[in-house]
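A short write-up of the structure that comes next.
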Amino acid sequence: MKFNIFYFLLAFYFIVNTVFFIIGLSSEYVVVEFDFFSINKSDLIFAYFVQLFVFLTIFLSYFLISKSNVDSKKIFYIGDGWAFFLLIWQVLFCFFNYYYGVNLAGVYGGKPNLILNYLFIFLPADVIFLVLSIHIKSNKFFILNNIFYLFSNLIRGWMSAPLIFVILFFIRKGSIKFEVKNLMMIFGVVLCLLFLTPFLFELKWIARSNSLYSGVINNVLDRGYLESLSLTLNYIFSRFQHIYHVALLSQKTDFFYMLYQSGKILPYWSEGLLQNVVIKLLNINVGDTLGLNVAKNIFSSQEEWSANAGLSGWIFVLQEKFVFFYAYILFILLIPFYMAKKYLGNKSLMLMGVFSIFYLFHGWIGSYLSLVIFLMLIIFFNRVTFKR
């Protein structure tokens with residue numbers, strides 16, 4: 001029996017959502033986005049089964065492609081030259097973000113150089129790194145690139161970076177046998193991340209508030225490590241679920257359906273890099289994303305931040321039109337999974353599977369499609385460029 005990071009993550013997400021579902025059923029009020037809400041139990045149950053439907057869709061899509069006879073006939077890798085260029089591109093992107101104060105988690109605004117901004121929009125360093133890193137032939141360059149990705153994201157307040165950092169090592173390794181040595185390694189990694197979470201959590205808010213990084217350790221110790229650990233774990237686990245968000249949205253189904261019909265919610269098929277380019281070029285007036293609308297209309301947010309409505313949330317918004325949405329989701333799952341396995345191998349399939357959970361399950365369709373676009377581009381240019 002082997003350890004597959006995709007199945008592990010899917011099981012973890014399922015368990016977390018189930019635990020929060022049980023807590024919601026047994027509680028009069030639940031905490032969502034730092035506030036108390038009362039959720040109708042029937043809406044919560046319905047939301048949970050819709051979540052299960054989404055879980056099953058992602059699981060079956062990955063399982064069917066992984067068990068198919070489609071396999072890459074050649075091992076795909078990138079050499080030291082391209083790995084070094086990838087590292088330099090990440091460094092330039094980091095300097096760009098730091099200098100102009102852009103691409104910071106939870107922070108909007110900033111006025112970057114227009115040309116540089118478009119350059120990094122069309123060649124996003126983080127996305128290119130995610131797609132290519134697992135195929136770097138040199139262990140040294142893989143580790144260097146991965147460490148710099150971690151550093152670049154942490155100083156911008158993206159708390160998911162340490163988890164992605166670790167997961168990329170598992171994907172690069174492939175399926176791992178359940179042996180004592182491997183289990184001890186996994187256990188050690190979990191303990192290490194657990195120990196660091198309070199400091200990473202503090203770093204997240206300091207990066208977002210543009211405060212001094214030197215305050216990270218002092219803030220944790222002043223509050224007390226165990227209390228900081230408790231607060232951090234509670235926050236982290238709440239980020240792995242959005243069943244409460246979906247249940248709250250389901251209580252306002254007609255309202256959100258009306259917003260969608262009136263064009264105030266950006267259609268799901270309009271999310272993505274290519275769609276955004278077309279919208280900008282044609283100067284089309286579009287609404288905010290579903291996540292922004294949920295933050296404004298459910299959590300009364302006056303700032304621009306996105307609440308996790310997830311794929312499940314779209315089903316409630318679209319109502320009878322969800323059939324077309326479901327067909328679209330199957331298309332952007334099955335085609336990339338198939339192409340990844342056929343032309344780049346099982347590692348790329350595992351990568352796309354993992355990010356179908358990280359991005360697509362949470363409703364970040366545009367982020368997921370950015371990965372898909374560069375996956376397809378790399379497949380297209382594979383024989384021309386990366387075989388050097």
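Positions are given from 1, in the same order as the sequence printed here. The figures that follow rest on heavy atoms only: side chains count, while hydrogens, waters and symmetry mates do not.
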What pair of heavy atoms forms the shortest contact from [X] to [Y], and how long is it?
| X | Y | value |
| --- | --- | --- |
| S312 | V50 | CB-CG1, 3.6 Å |
| L375 | L344 | CD1-CD1, 3.6 Å |
| W269 | Q275 | O-NE2, 3.2 Å |
| S348 | H135 | OG-NE2, 2.7 Å |
| F151 | C94 | CE2-SG, 4.2 Å |
| F299 | A307 | CE1-CB, 3.8 Å |

Where the side chain of [X] meets the backbone of [Y], is there a donor-acceptor pair that is under 3.5 Å apart?
| X | Y | value |
| --- | --- | --- |
| N97 | F93 | yes |
| S262 | L259 | yes |
| N293 | F256 | no |
| T197 | L194 | yes |
| K347 | R172 | yes |

Query - Option among L144, I143, I136 that satisfies the side chain to side chain contact (heavy atoms under 4.5 Å, CB included) test with K140 - result: L144
Rounded at 0.5 Å granularity, tell me how far [atom1] in [X] sits from [atom2] in [Y].
| X | Y | atom1 | atom2 | value |
| --- | --- | --- | --- | --- |
| I58 | L333 | CD1 | CG | 6.0 Å |
| L351 | S356 | CG | OG | 10.0 Å |
| S42 | Q251 | OG | CD | 8.0 Å |
| K67 | Y62 | NZ | OH | 9.0 Å |
| I45 | I39 | CD1 | CD1 | 12.0 Å |
| L92 | L123 | CG | CG | 11.5 Å |

Requested in this report: For the pair F141 and F84, name the ring-plane relationship: parallel under 30°, tilted 30 to 60°, perpendicular over 60°.
Outcome: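 Answer is perpendicular, since the angle exceeds 60°.
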Report task. Kindly assign one of parallel, tilted or perpendicular to the pair F63 and F59, based on the angle between their ring planes and the thresholds 30° and 60°. Result -> parallel
My understanding is that only residues two or more places apart in sequence, or in another chain, count here; which of them pass side chain to side chain contact (heavy atoms under 4.5 Å, CB included) with [X]?
| X | answer |
| --- | --- |
| V31 | F36 |
| D35 | F37 |
| Y338 | I65, V70, K342 |

Side-chain atoms of residues 5-20: list all donor-acceptor pairs with protein atoms under 3.5 Å, sequence neighbours left out, distances to 0.1 Å.
from, atom 1, to, atom 2, distance (Å)
Y13, OH, H362, NE2, 3.1
N17, OD1, Q51, NE2, 3.1
N17, ND2, Y13, O, 2.8
N17, ND2, F240, O, 3.3
T18, OG1, F14, O, 2.8
T18, OG1, Y48, OH, 2.8

Answer with yes or no whether the hydrophobic clustering places [X] together with [Y]; edges join I, L, V, M, F, W, Y residues whose side-chain heavy atoms lie under 4.5 Å apart.
| X | Y | answer |
| --- | --- | --- |
| V32 | L231 | no |
| Y29 | I22 | no |
| Y98 | I115 | no |

With sequence neighbours excluded, what pairs up with [X] under the side-chain hydrogen bond (donor to acceptor under 3.5 Å, both in side chains) test?
| X | answer |
| --- | --- |
| S152 | R156 |
| W364 | N308 |
| E33 | R239, H245 |
| N146 | none |

**Report entry** Between F95 and Y99, ring centroids under 6.0 Å
**Finding:** no
Query raised in the report: Between F120 and W89, does the ring centroid distance fall short of 6.0 Å?
Result: yes
Report task. Apply the test ring pair (Phe, Tyr, Trp, His ring centres under 6.0 Å) to residues F49 and F21: give CA-CA distance (whole Å), side-chain angles for both, the deciding distance (0.1 Å), then the verdict. Result -> CA-CA 10 Å; F49 280 101; F21 168 64; 7.3 Å; no
**Report entry** Derivation of the side-chain contact (heavy atoms from CB on, under 4.5 Å) call for F361 and L311
**Finding:** CA-CA 6 Å; F361 175 73; L311 293 184; 5.5 Å; no
Query raised in the report: Hey, is CZ on F46 packed in by over 12 heavy atoms from elsewhere, all under 6.0 Å?
Result: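 No, the 6.0 Å shell around CZ holds no more than 12 heavy atoms from other groups.
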Query raised in the report: In terms of heavy-atom contacts, does NZ of K137 have more than 12 from other residues, nucleotides or ligands at under 6.0 Å?
Result: no
Report task. Tell me who clusters with I279, hydrophobic residues only, linked when side chains sit under 4.5 Å apart either directly or through other members. Result ->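 Answer for I279: L266, V278, L282, I284, V286.
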Requested in this report: Show your reasoning for whether side-chain contact (heavy atoms from CB on, under 4.5 Å) applies to L130 and I164.
Outcome: CA-CA 9 Å; L130 290 175; I164 294 174; 3.8 Å; yes
Query raised in the report: How would you list, by chain and number, every residue that makes a ring-ring contact (aromatic ring centres under 6.0 Å, His included) with Y149, sequence neighbours excluded?
Result: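 With neighbours one apart ignored, the set is F129.
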Just distance, no hydrogens or angles: give the donor-acceptor pairs under 3.5 Å from side chains in residues 314-332, sequence neighbours left out.
from, atom 1, to, atom 2, distance (Å)
E320, OE2, Y257, OH, 3.2
K321, NZ, Q261, OE1, 3.0
Y326, OH, T57, OG1, 2.9

Requested in this report: Please list all pairs passing the salt bridge (charged side-chain N to carboxylate O under 4.0 Å, His left out) test where one or both residues lie in residues 223-233, with sequence neighbours left out.
Outcome: E202-R223
Requested in this report: Take L114 and Y118 through the side-chain contact (heavy atoms from CB on, under 4.5 Å) test and state the conclusion after the steps.
Outcome: CA-CA 6 Å; L114 190 62; Y118 276 111; 3.4 Å; yes
